[in-house]
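A, B, ... follow the sequence lines: proteins, then strands. Residue 1 opens every chain.
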Amino acid sequence: MEKVYQPKKYEEKIYRLWEKSGFFNPDKLAKRKKTYTISIPPPNVTGSLHMGHALNSAIQDILIRFYRMNGYRTLWLPGIDHAGIATQNVVEKELKKEGLTRHQLGREKFVERVWQWVKQYGNLIIEQFKKLGCSCDWSRQRFTLDKEYAKAVEFAFIHYYKKGLIYRGPRIVNWCPRCETAISDIEVKYQETKGKLWYIKYKFKIQNSIVVATTRPETMLGDTAVAVNPNDERYKNLIGQKVVLPLVNREIPIIAHPLVDKEFGTGAVKVTPAHDPIDWQIGKEKKLAVINVIGPDGKMTQEAGKYAGLSVLKAREMIIQDLKNLNLLEKEEEYTYNIALCDRCHTPIEPQISTQWFLKMKELAKPAIEVVRKNKIKIIPQRYKKVYLNWLSRVEDWCISRQLWWGHQLPVWFCQNQKEKFIVSLKKPLKCPFCGRCKMQQSEEVLDTWFSSALWPFATLGWPKKTKDFKKFYPTDFLSTAQEILYLWVARMVFSSLEFTGKIPFKSVYIHPTVLAISGKRMSKSLGTGVDPLEIGEKFGFDAVRMGLIYQISRDQQAFKFDERTILASRNFINKLWNIARFIKISTKKDSKFKIQNFQLKSLTLFDKWILSRINTIIDSTTKKIKNYQFGEAIRELYDFIWHEFADWYLEISKIQMENIKTKDSTLFILYYSLFNILKLLHPFIPFVTEVIWQQFFAQKFLMMENWPKINKKFINKKVEEDFKKIKSLIVEIRNWRKEKNILPQEIIEYQINKPEKIFSENKEIIEKLAKVKLNCS
RNA sequence: GGGCUCGUAGCUCAGUUGGUUAGAGCGUUACGUUGACAUCGUAAAGGUCGCCCGUUCGAGUCGGGCCGAGCCCACCA
């Protein structure tokens with residue numbers, strides 16, 4: 001064994017050995033009865049390992065390794081998400097470098113390109129998981145667009161449709177007039193912009209007027225109401241009356257709606273259901289007409305009358321001028337607001353009405369609420385339970401269609417002659433049931449990525465087929481994830497699972513803390529605040545990355561600032577562990593007659609009894625802490641114990657005890673006993689180095705497959721621990737005395753222990769020697 | 001705007017039912033290459049536990065208020 005542990009020399013080698021052993025695969029553990037299953041939250045295929053992944057996979061691997069050592073048949077099922085929008089964007093950017101757009105390529109060719117990209121780069125993150133030591137069963141790896149998985153997705157869609165839970169209808173979407181596509185909320189970026197707020201008079205038929213404030217006067221052409229807050233005293237008596245829309249001369253009603261803010265502008269707001277999400281919602285509730293005045297190309301439509309064909313900005317200019325001329329513009333103010341931009345091309349978003357597919361949520365949400373309310377699924381930390389329940393209890397219907405090319409195409413077939421007629425079917429119908437002659441065409445749309453990942457925990461096990469895996473490993477035991485996808489993903493898995501399997505998808509959900517930059521800001525590439533776990537791993541080893549991250553989490557915290565110094569501290573600790581093992585190995589070599597198997601516990605010293613008691617206490621608390629998901633607490637306790645009790649004290653004591661023939665063998669035995677238990681306790685946290693050390697002692701065996709230590713209660717002895725504390729303070733006393741008298745360590749001048757306790761007199765020799773060891777300053 | 005979290009040593013953080021002298025790592029200072037380890041050891045300096053009020057024999061810990069930092073969600077005419 002070298003003086004310094006070199007992770008680079010061992011980590012890859014050990015991982016290959018593990019993989020070769022086959023023990024990541026539960027089929028190799030078939031004799032075991034109890035199972036423990038985790039489905040990995042599938043990273044995006046475009047993804048690269050970031051701190052969140054590193055932390056999350058460390059957590060999952062700790063549990064998998066812990067339960068594997070506890071005799072469970074463990075399955076950690078890995079996989080990757082096709083991540084619709086994200087992936088499509090990446091490939092589009094690639095194309096752009098070649099001067100191509102996806103439209104030039106055509107759908108089929110484009111999708112082919114994406115697959116190529118996936119094959120080339122899609123496995124990068126998997127390799128990175130391996131670097132971290134994740135003991136996933138790679139033979140069961142899944143991708144959300146695999147053929148089998150795609151079937152499950154279509155099956156789910158058809159099931160919902162047949163049950164009447166899926167419907168088609170108009171909805172307002174974020175529309176990018178440059179890309180000419182609807183984009184998702186995630187793709188919309190908000191940017192603070194200085195603009196103007198215009199106050200426009202809408203006149204009543206006879207006299208007076210009501211003034212509305214807007215940043216987008218051009219949309220007024222599509223106004224179908226003016227809304228005020230129902231509790232606004234100023235306008236109460238106007239509700240129900242009509243005003244004349246300027247320039248257009250259409251009569252529109254004044255309505256009341258709680259979404260209107262009394263404080264904003266004049267407290268009266270124009271309602272344009274066709275071009276604003278909130279207005280759309282108000283319009284839906286109040287059954288207002290929807291008038292489209294801006295087309296998909298960003299130009300004014302025929303409905304805009306004399307402004308038709310103008311760009312939005314040009315129309316705005318003219319309208320302001322016209323209003324001024326009519327003396328209908330009361331005033332204009334400087335105003336700063338968040339403008340919605342397309343993430344890709346920075347064009348302002350034009351909300352547009354389009355036809356989309358929806359999943360009715362009300363009925364599905366009910367059981368998903370129940371299982372969490374009744375703690376059938378436990379959410380940790382508990383406070384997220386409220387967040388989950390809150391969201392589900394007022395969830396709206398889920399828009400599941402996306403106008404993208406990369407994803408699961410809807411299993412919906414349209415008649416070519418009667419464009420609005422369609423059937424829902426797994427296979428392409430041979431004959432069109434509507435016109436009887438056309439070749440039916442599949443819907444061009446794809447499903448929201450989350451629709452497929454909602455099926456993840458069971459679809460990865462072969463559902464809807466009743467596979468052996470599904471029967472054996474479902475429901476899964478544990479899901480660990482980041483807080484921001486509690487609704488996007490977790491809630492959706494819960495109701496999907498209840499609907500399709502009748503079971504909960506997992507027993508516990510653990511929301512891990514967010515890893516922030518040391519500045520306290522979110523880690524993000526675009527902010528330049530990201531820290532790359534791979535770089536740090538190359539520098540300090542991946543055990544250290546795992547341990548350093550875990551070291552920083554505690555109880556119910558929601559975030560922590562990533563501190564590289566904990567990785568350094570972990571690296572140092574790992575080296576300390578290495579040298580503890582090295583010391584024990586060297587000590588054994590000196591005594592070639594020693595055989596651990598032959599040894600029996602007898603004639604133990606106080607110090608032996610003390611460390612035995614401590615180790616068994618630690619076994620107990622580490623076990624409990626891992627079971628309770630207190631990973632940070634567990635590793636911090638192990639760190640303190642191993643360094644500051646076992647190494648600082650027992651190892652020093654053992655050197656003295658091994659000089660004495662009477663205590664030599666028992667001391668060596670205790671050293672072994674301690675080391676082996678320590679290695680086992682640490683293995684889930686730092687699997688590589690513990691395995692490397694283990695193999696220094698047992699070349700043919702895997703620590704990964706060893707039994708988790710069992711607490712031996714008869715070793716726990718509080719009296720001994722108390723006695724040891726007393727001895728410790730006596731040693732400090734002696735040390736200080738020697739220091740005062742300026743006695744060098746090698747000088748044999750004895751301290752007169754003038755205390756009557758037996759433990760002092762009985763251990764006089766060791767105490768005095770220890771005091772010398774601890775006195776190493778001049 | 002809604003929800004949530006945090007404020008303890010120069011920095012990053014522990015401190016589980018309120019109870020002696022508030023801990024660790026890094027950093028700083030001094031000393032030390034003692035056969036496991038300098039990725040180490042021994043020690044030292046460094047804290048009115050954000051501020052105010054309350055409950056209590058007793059508060060870093062419980063309650064209320066204030067100030068400050070940040071996370072998540074929603075996104076505003």
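- A side-chain N or O of A:H257 and one of A:E285 form a donor-acceptor pair less than 3.5 Å apart.
- Ring geometry for A:W450 versus A:W489: interplanar angle of 30 to 60°, hence tilted.
- Each of B:C73, B:A14, B:U39 was ranked by its minimum atom distance to the side chain of A:R571; first place goes to B:U39.
- The nucleotide whose nearest atom lies closest to any side-chain atom of A:K386 is, among B:G3, B:U39, B:U12, B:G3.
- For A:Y629 and A:S480, the side-chain atoms include no donor-acceptor pair closer than 3.5 Å.
- Note on A:N572: a side-chain N or O is less than 4.0 Å away from OP1 or OP2 of B:C40.
- Between the C1' atoms of B:U33 and B:G41, the separation comes to 10 Å (whole Å).
- On the C1' atoms, B:G50 is 8 Å away from B:C67, given to the nearest whole Å.
- One atom, CD of A:Q552, and another, P of B:G15, lie 14 Å apart when rounded to the nearest Å.
- Nucleotides B:G60 and B:C52 are separated by 13 Å at their P atoms, to the nearest Å.
- With C1' as the reference atom, B:C40 and B:G15 are 28 Å apart, rounded to whole Å.
- Of the two residues contacting RNA chain B, namely A:N390 and A:S519, the nearest-nucleotide position lying further toward the 5' end is that of A:N390.
- Ion pairing between A:D640 and A:R636 fails under the 4.0 Å rule for side-chain N and carboxylate O.
- Nucleotide B:G2 holds its C1' atom 16 Å from the CH2 atom of A:W391, rounded to whole Å.
- Across all strands, A:K576 comes closer than 4.0 Å to base atoms (heavy-atom distances).
- When the C1' atom is compared between B:U55 and B:G63, the two are found 7 Å apart, to the nearest whole Å.
- Of the side-chain N and O atoms in A:T566, none sit less than 4.0 angstrom from OP1 or OP2 of B:G25.
- Here B:C73 presents its C1' atom at 11 Å from CD of A:E484, a figure rounded to the nearest Å.
- Regarding A:W643, its CH2 atom lies at a distance of 21 Å from the P atom of B:A14, rounded to whole Å.
- Taking atom CG on A:D563 and atom C1' on B:G27, their separation rounds to 11 Å, with Å as the unit.
- A:R571 and A:E564 are not joined by a salt bridge, as no carboxylate oxygen comes within less than 4.0 angstrom of a charged side-chain nitrogen.
- Distances were taken from every side-chain heavy atom of A:V387 (C-beta onward) to each of B:C26, B:C72, B:G3; the shortest belongs to B:G3.
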Sort me out a list of protein N/O and nucleotides 75-77 of chain B N/O pairs below 3.5 Å, or just none if empty.
| from | atom 1 | to | atom 2 | distance (Å) |
| --- | --- | --- | --- | --- |
| B:A77 | OP2 | A:Y335 | OH | 3.0 |
| B:A77 | O3' | A:T214 | OG1 | 2.9 |
| B:A77 | O3' | A:T215 | N | 2.7 |
| B:A77 | O3' | A:T215 | OG1 | 3.2 |
| B:A77 | O2' | A:A213 | O | 3.0 |
| B:A77 | N6 | A:D261 | N | 3.3 |
| B:A77 | N6 | A:D261 | O | 3.3 |
| B:A77 | N1 | A:D261 | N | 3.3 |

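- Distances shown here put every side-chain N or O of A:R636 at or beyond 4.0 Å from the OP1 or OP2 atom of B:G15.
- Nucleotides B:C51 and B:C71 place their P atoms 25 Å apart, quoted to the nearest Å.
- Residue A:I586 has its side chain nearest to B:A36 when only B:A36, B:C73, B:A14 are considered.
- With rounding to whole Å, A:K3 atom NZ is found 14 Å from B:U33 atom P.
- Looking at A:Q558 and A:T514, their side chains never bring a donor and an acceptor atom within 3.5 Å of each other.
- Taking atom NZ of residue A:K521 and atom P of nucleotide B:U12, one finds them 13 Å apart after rounding to whole Å.
- Checked for salt-bridge contact, A:E645 and A:R614 meet the test: a charged N lies under 4.0 Å from a carboxylate O.
- Ion pairing of A:E333 with A:K196 is absent here, as no side-chain N (NZ or NE/NH1/NH2) approaches a carboxylate O to less than 4.0 Å.
- Listed candidates were B:C37, B:A14, B:G25. Nearest to the side chain of A:A569 is B:G25.
- Not less than 6.0 angstrom separates the ring centroid of A:Y388 from the ring centroid of A:Y384.
- With salt bridges taken as basic N to acidic carboxylate O contacts below 4.0 Å, one links A:E765 and A:K769.
- Residue-level contact check: A:Q6 touches neither bases nor backbone, having no heavy atom under 4.0 Å from any strand.
- Distances from the side chain of A:Q483 to the nucleotides B:C40, B:U12, B:C72 place B:C72 closest.
- Between B:C13 and B:C53, the two P atoms lie 29 Å apart (nearest whole Å).
- Between A:I339 and A:Y190 the shortest side-chain heavy-atom distance does not fall below 4.5 Å.
- Distance A:R582 CZ to B:A36 C1': 6 Å, rounded to the nearest Å.
- Only the C1' atoms considered, B:A22 is 25 Å distant from B:A30, to the nearest whole Å.
- Position along RNA chain B of the nearest nucleotide to A:L651 versus A:I553 favours A:I553 as the more 5'-ward residue.
- Side-chain atoms of A:D648 lie closest to B:U42 of the nucleotides B:C26, B:U42, B:C4.
- Taking 4.5 Å as the limit, some side-chain heavy atom of A:L329 sits within range of a side-chain heavy atom of A:E332.
- Side-chain atoms of A:K655 come within donor-acceptor range of the base of B:A36, with a qualifying N/O pair under 3.5 Å.
- You'll find that the side chain of A:Q557 is closest to B:A14, out of B:C71, B:A14, B:C26.
- Where RNA chain B pairs in unbroken runs of 3 or more (Watson-Crick or G-U, both distances under 3.5 Å), the stems are B:1-7 with B:67-73, B:10-13 with B:23-26, B:28-32 with B:40-44, B:50-54 with B:62-66.
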